[in-house]
Amino acid sequence: MPIREFKCLDCGTVSELLVDIGRNSDNVVCRSCGSDRLEGMMSAPSPPTGNSEQPASYGGCCGSNPA
């Protein structure tokens, strides 16, 4: 399942959501306000860094910074 970025047209919240490949993205809702008025956003991919001896460090889930 790809992670897609959406912006809520009602509250403005930007969320990263897992969307099934066969699932229509019109069925997703805003996690903040529950609205189904979401607009898909284009986001740049983040290539892995590191080498074969030291794996890439991605931080936390979905780009968050772990405590």
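Count residues from 1 along the sequence.
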Starting from the C-alpha separation in whole Å, work towards a yes-or-no answer on side-chain contact (heavy atoms from CB on, under 4.5 Å) for Val28 and Val19. CA-CA 8 Å; Val28 296; Val19 180; 4.2 Å; yes

Residues joined to Val14 in its hydrophobic cluster, side chain to side chain under 4.5 Å directly or through other members, sorted by chain and number, are Met41

Arg31 and Glu16: which non-hydrogen atoms are nearest, and at how many Å? NH2-O, 3.8 Å

Any chance you could lay out the side-chain contact (heavy atoms from CB on, under 4.5 Å) test for Arg4 and Leu17, step after step, and finish with the verdict? CA-CA 5 Å; Arg4 296 202 44 216; Leu17 304 170; 5.9 Å; no

Test of understanding: with salt bridge (charged side-chain N to carboxylate O under 4.0 Å, His left out), list the residues that count as partners of Arg37, not counting sequence neighbours. Asp10

Residues passing the side-chain contact (heavy atoms from CB on, under 4.5 Å) test with Ser32, sequence neighbours excluded, are Cys11, Thr13, Cys30

